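One structure is given below, encoded as structure tokens.
Residue numbers begin at 1 in each chain, while the letters A, B, ... track the order of the sequences. Please read these numbers as outputs of a predicted model, since none were measured by experiment.
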Protein chains: 2
Amino acid sequence: MDEISATAHTRRFKKGERLYQPLDESDSLYIVHKGFVRIYRLTENGKEQLVRFLGPGDFTGEMALFRSSLHDSFAEATRDTAVCVITKDDLQPLLATYPAISLKILAEFSNRLEQSERQTTLVATEKVENRLAMFLVELLEEGSNIATLPMTKKDLASFLGTTPETISRKLGAMEDRGLIRHISNREIAIMDADELLLG
Amino acid sequence: MDEISATAHTRRFKKGERLYQPLDESDSLYIVHKGFVRIYRLTENGKEQLVRFLGPGDFTGEMALFRSSLHDSFAEATRDTAVCVITKDDLQPLLATYPAISLKILAEFSNRLEQSERQTTLVATEKVENRLAMFLVELLEEGSNIATLPMTKKDLASFLGTTPETISRKLGAMEDRGLIRHISNREIAIMDADELLLG
DNA sequence: CGCTAACTTGATTAAAATCAATGCAGGTGG
DNA sequence: CCACCTGCATTGATTTTAATCAAGTTAGCG
């Protein structure tokens, strides 16, 4: 594992800076160390869709490692962020030498894939209010009833496949029903998680 | 590679039979040899969502291999189908011995993940008519303008995150505009792919 | 040939997008 | 430190889109 640290190096990005963007060659794995990164695409008609949101420990760029290609999404730091970068050429030999690393990455892929398929299912079958409710409840930390949004509501809307207006209204409706309460822009108290999930 | 064949064995499923279902222990990789398999989930309110559709060469069950768990979806043969089955216990040693296999699987995962994220983006940002149009055009084989549906329209609706009624109507509208033509239940001639994709 | 599931068509309702305007907050530079 | 500016957020009115409900109709399979 020391060999990994040896071949990786740390890069820092200021808020708003991009790790990569479409058409950049994709040849490195990025592991977020500190800060947050949003991964998004533009659809043909110019709409932006948030695909993933990375916090410390999450990684991106892994597609690159197994089939040389170009990026088709943007990766943007949402605040000052530090990431570990490992290039494909440095990593491949390690994978061949230490199968355990491959297994680790496979497990992570497996998680991501499951996550992604779940997300598709949600967007395809649940109405906005339910998706939003689930998202909020998943944000809760053990023993707290305050959900802290990791991103702007605009991005949240994009992530959930809806619009900021609709998010605003749905949150309003939930608050009217006493299910949640706004603490601040990014903080929402969940008063009744069970009822929230039932719709 | 001979070792793989040695540890795998073939199982046959009749149309409608299940390879696995939720709560079954997930400990095998299934590679479709002949036939088709649909993978779907039930949402809380009993609605069914088609997650993937496998043809010859596709595989499922891989989640199982890296983190022991239970299935959370149904895998059902849509016609008489033959699959190769390899258990986790048989595969893991092979992975450790031959890193090339891991790399192969990683590459496949990578494809699937990309596919899945693209699917999420589509469902989240495009309206039904566009999703449907894209799906049809992707079905086209080189040099032909006939799209052959690999599944029922009911399943197609589920896959695209809509209802059979809406599929029916959208196809009707496309036909009225002269963009497509129904050949048979499962075959659709694409008269003007470009126009179709523009909406 | 008949049965069941898939498909289609129509009428209605519900959900959410869009358009439009304004309010608000956080960061910047004077 | 304050005022401004920009992008985010809210609110309302309207329109669009697709789901739902309700009957039929067709097609494939036993």
Check: Thr81(B) side chain, Phe36(B) main-chain N or O, donor-acceptor pair, under 3.5 Å: yes
Would you mind reading off the distance between Arg38(B) atom CZ and dA5(C) atom P, rounded to a whole angstrom? 13 Å
In this structure, how many angstroms lie between the P atom of dT16(D) and the NZ atom of Lys170(B), rounded? 13 Å
Pick base, sugar-phosphate or nothing for Gly161(B), based on heavy-atom distances below 4.0 Å to the nucleic acid. sugar-phosphate
Could you please name the option among dA17(C), dG27(C), dA9(D) that lies closest to any side-chain atom of Lys153(A)? dA9(D)
May I have the distance from Glu175(A) (atom CD) to dA9(D) (atom P), rounded to whole angstrom? 15 Å
Is there a side-chain polar atom (N or O) of Thr162(A) under 4.0 Å from OP1 or OP2 of dA17(C)? yes
Given side chains that start at C-beta, do those of Leu136(B) and Leu171(B) come closer than 4.5 Å, heavy atoms only? yes
More 5' along DNA chain D: Lys15(B) or Lys47(B), using each one's nearest nucleotide? Lys47(B)
Determine whether any donor atom in the side chain of Glu165(B) lies under 3.5 Å from an acceptor atom in the base of dC21(D), or the reverse, and answer yes or no. yes
Test log, rule side-chain contact (heavy atoms from CB on, under 4.5 Å), inputs Arg52(B) and Thr60(B): CA-CA 9 Å; Arg52(B) 273 180 289 145; Thr60(B) 182; 3.6 Å; yes
Any donor-acceptor pair, under 3.5 Å, between the side chain of Arg169(A) and the base of dG12(D), if you only look at N and O atoms? yes
Rounded to the nearest angstrom, tell me the gap between atom CG in Asp155(B) and atom P in dA5(C). 14 Å
Among dT17(D), dC7(C), dT8(C), which nucleotide has an atom closest to any side-chain atom of Thr152(B)? dC7(C)
Can you tell me the distance, in whole Å, between the CG atom of Leu171(B) and the P atom of dA6(C)? 17 Å
When the distance from NE2 of His182(A) to C1' of dT10(D) is rounded to whole Å, what number comes out? 10 Å
Write down the distance between CG (Leu156(A)) and C1' (dC8(D)), rounded to a whole number of angstrom. 13 Å
With distance as the sole test, does Glu48(B) use its side chain to make a donor-acceptor pair with the main-chain N or O of Ser158(B) at under 3.5 Å? no
Should the pair Phe109(B) and Phe109(A) be assigned to parallel (<30°), tilted (30 to 60°) or perpendicular (>60°) ring geometry? parallel
Side-chain contact check for Lys154(A): nearest option of dC8(D), dT9(C), dA19(D) is dC8(D)
Side-chain N or O of Lys127(B) versus OP1/OP2 of dT17(D): is the shortest distance under 4.0 Å? yes
Establish, with yes or no, whether the OP1 or OP2 oxygen of dA19(D) is under 4.0 angstrom from a side-chain nitrogen or oxygen of Thr166(B). yes
Specify the separation, in whole Å, of atom CD of Glu129(B) and atom C1' of dT17(D). 11 Å
